[in-house]
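Source: prediction; values computed, not measured. No hydrogens, no waters, no symmetry mates; every other heavy atom, side chains included, goes into these values.
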Amino acid sequence: MLRPPSAAPAARPLGIGQARCLQLAAQGLLQPPRRRARPADVVAAVERMRLLQIDSIHVVARSPYLVLHARLGDYPQEWLDAALEQGRLAECWAHEACFVPAADLPLHRAWRERGSHWAQRHAERMQREHRAAMDGLLARIRAAGAVRAADFPRERRGASGWWEWKPEKRWLEACFALGELMVSRRERFQRVYDLAERVLARLDPPFVASALPPAGLRRRFIADSVRALGIAQARWVADYYRLKPAVGEAELAALAAEGELLPVAVAGWSAPGYVHRDHAALLAQAAQGRLRATHTALLSPFDPLVWDRARVQAMFDFEYAIECYTPAPKRRYGYYVLPILHRGRLVGRLDAKAHRAEGAFEIKALYLEPGVAAADARLQREVAAAIARTARWHGTPSIRLARCRPAAFGAALRRHWRAG
């Protein structure tokens with residue numbers, strides 16, 4: 001296949017700042033929203049990212065809602081729930097448990113049958129050990145309708161954690177991983193499970209089983225990963241959909257030879273970058289210095305921009321780890337730490353907790369990255385505004401900042417919040 005003239009790779013290496021802008025543009029984080037969000041924007045944002053990771057921690061807004069807020073601005077969280085119930089989105093195992101576009105679900109269900117994801121393997125073991133109970137659960141749902149885990153009483157209550165799940169919750173999750181059940185909707189973020197055939201019947205667009213062979217599915221997920229990332233090295237690609245084995249340089253080079261991907265040199269990189277041909281125009285703009293990052297936002301710890309530690313280190317020179325699963329004495333920055341995106345850079349992070357009953361957004365600690373100019377008036381103004389926007393959207397407009405490094409930056413933020 002001949003490469004279209006518009007898809008010709010940049011003649012000179014991109015600078016790292018240009019590569020960042022290309023990635024941010026692909027992820028919907030380059031510039032602030034130009035208009036108020038609409039319900040269709042929720043689905044469009046997931047389609048752009050290809051998947052939206054689900055996590056139930058809610059010391060701030062739960063992660064999927066926060067990821068969308070960074071891209072859409074103020075929007076009702078119910079819009080995400082509605083898109084799931086309407087069949088525009090579906091839940092499945094991908095990177096981890098994720099919302100995915102309904103149009104992509106046939107690919108995920110076909111890939112699931114290969115059994116390479118840890119959730120699939122765990123579910124198969126559960127089924128071997130509890131086949132009769134799981135079959136009984138499916139029979140109940142077939143006869144009586146959709147259920148929540150909360151519909152089953154817990155015999156004893158122990159410490160929180162998946163290891164304390166009651167048996168029915170484990171069986172529901174195993175049937176979900178096996179594709180026998182799907183999530184029809186959520187009630188206060190709790191999954192409502194129904195038979196897969198019932199949920200598949202109301203997807204929009206309609207579900208049509210994928211006919212792609214395993215090699216074709218893998219190729220599609222590789223291409224979609226590069227498209228979602230904007231620009232990627234081979235070593236970053238497998239993580240996006242948890243592909244195994246790891247994606248090698250030869251696979252991307254083959255897609256480049258066919259014109260699906262465009263090889264791009266980036267200054268300072270020892271390996272080539274790759275851009276999907278759908279982003280040829282963005283690549284041209286980046287190479288000409290015409291992509292300008294103007295957005296400031298708080299990012300979820302599970303935002304696809306930052307969930308790969310190696311990628312975010314290479315792209316943004318930002319060392320980041322999700323510490324909510326780390327024992328408290330070993331945490332460096334805090335329990336639920338949100339990276340701060342400012343005009344194409346990750347300039348800092350803050351450890352936040354929302355006190356919903358009090359309407360208070362507590363920032364336990366805020367840290368600027370070394371070398372970030374704390375005295376920059378625009379940085380102060382735009383970070384203060386981003387925090388205030390998130391707090392208001394969350395229903396916790398009263399902001400409390402405890403510690404800040406450097407302290408002078410915290411004082412500047414407080415002045416902006418007092419000025420309103």
Side-chain angles (χ1 to χ4, degrees), residues 1-34 44-51 70-71 101 219-241 243 247-295 297 303-308 310-318 341-346:
M1 180 184 298
L2 295 177
R3 181 183 293 119
S6 62
R12 292 182 298 176
L14 294 182
I16 188 62
Q18 294 170 318
R20 287 174 183 169
C21 286
L22 178 53
Q23 185 160 101
L24 291 168
Q27 280 281 317
L29 290 167
L30 185 69
Q31 297 174 342
R34 296 181 179 178
V46 179
E47 289 173 341
R48 179 194 292 265
M49 295 180 288
R50 311 311 305 177
L51 41 75
R71 289 155 175 80
R219 171 195 166 109
R220 171 66 184 271
F221 284 131
I222 290 172
D224 281 353
S225 299
V226 177
R227 185 191 288 112
L229 289 170
I231 185 168
Q233 296 182 26
R235 64 192 177 104
W236 303 336
V237 173
D239 177 73
Y240 210 77
Y241 284 106
L243 299 179
V247 176
E249 191 70 49
E251 290 180 280
L252 272 65
L255 290 173
E258 297 172 12
E260 180 89 1
L261 302 181
L262 313 176
V264 181
V266 178
W269 288 9
S270 58
Y274 292 89
V275 174
H276 195 275
R277 64 184 173 193
D278 288 357
H279 290 323
L282 281 178
L283 173 59
Q285 289 178 282
Q288 296 162 17
R290 291 169 49 210
L291 290 183
R292 184 164 170 259
T294 58
H295 193 29
D303 194 293
L305 191 75
V306 300
W307 71 34
D308 184 327
R311 170 162 50 85
V312 75
Q313 179 81 57
M315 285 295 299
F316 293 91
D317 193 24
F318 189 74
L341 174 69
H342 173 66
R343 294 181 171 263
R345 300 172 60 200
L346 293 174

Strictly distance-based, threshold 3.5 Å: is any side-chain N or O of Gln27 a donor or acceptor partner for the main-chain N or O of Ala228?
yes

Sequence-distant partners of Gln233, side chain to side chain donor-acceptor pair (under 3.5 Å), two or more places apart:
Arg235

Of all the heavy-atom pairs spanning Cys21 and Leu30, show the shortest one and how long it is.
O-CD1, 3.7 Å

When every non-hydrogen atom of Ala223 is compared with those of Glu260, the smallest separation belongs to CB-OE2, 3.5 Å

Polar side-chain atom of His276 near backbone of Asp224 as donor-acceptor pair, under 3.5 Å:
no

Worked verdict on Phe316 versus Val306 for side-chain contact (heavy atoms from CB on, under 4.5 Å)
CA-CA 9 Å; Phe316 293 91; Val306 300; over 6 Å; no

Please give me the minimum heavy-atom distance between Ile231 and Ala19, naming the atom from each residue.
CG2-O, 3.6 Å

Note: Pro13 and Ala267 closest approach over all heavy atoms is CB-N, 4.0 Å

Smallest separation among heavy atoms of Met49 and Tyr240, with atom names:
O-OH, 2.7 Å

Any sub-3.5 Å donor-acceptor pair from His295's side-chain atoms to Ala70's backbone N or O?
yes

Return a table of donor-acceptor pairs under 3.5 angstrom between the side chains of residues 282-290 and protein atoms on other chains or two or more places apart.
residue: Gln288; atom: OE1; partner: Arg290; partner atom: NH1; Å: 2.7

Non-hydrogen side-chain atoms of Val226 and Leu255 separated by less than 4.5 Å
no

Looking just at side-chain N and O atoms, do Glu249 and Tyr274 make a donor-acceptor pair shorter than 3.5 Å?
yes

Flag side-chain contact, heavy atom, 4.5 Å: Leu341 against Leu24:
yes

Say you draw a straight line from NE2 of His342 to OG1 of Thr294; how long is it, rounded to the nearest 0.5 Å?
10.0 Å

Spell out, as yes or no, whether a donor-acceptor pair under 3.5 Å connects the side chain of Arg311 to the backbone of Leu305.
yes

By salt bridge (Lys or Arg N to Asp or Glu O under 4.0 Å) - contacts of Arg345 (at least two apart):
none

Is the closest side-chain heavy-atom distance between Arg71 and Asp303 below 4.5 Å?
yes

Please report the C-alpha distance between Asp317 and Arg20 in whole Å, then the side-chain angles of each, then the deciding distance to 0.1 Å, and finally whether the salt bridge (charged side-chain N to carboxylate O under 4.0 Å, His left out) criterion is met.
CA-CA 11 Å; Asp317 193 24; Arg20 287 174 183 169; 5.9 Å; no

Quick one, Leu14 and Trp269 - any side-chain contact, counting heavy atoms below 4.5 Å?
no

Identify the two heavy atoms, one from Trp307 and one from Leu51, that lie closest to each other, and give their separation to 0.1 Å.
CH2-CD1, 3.2 Å

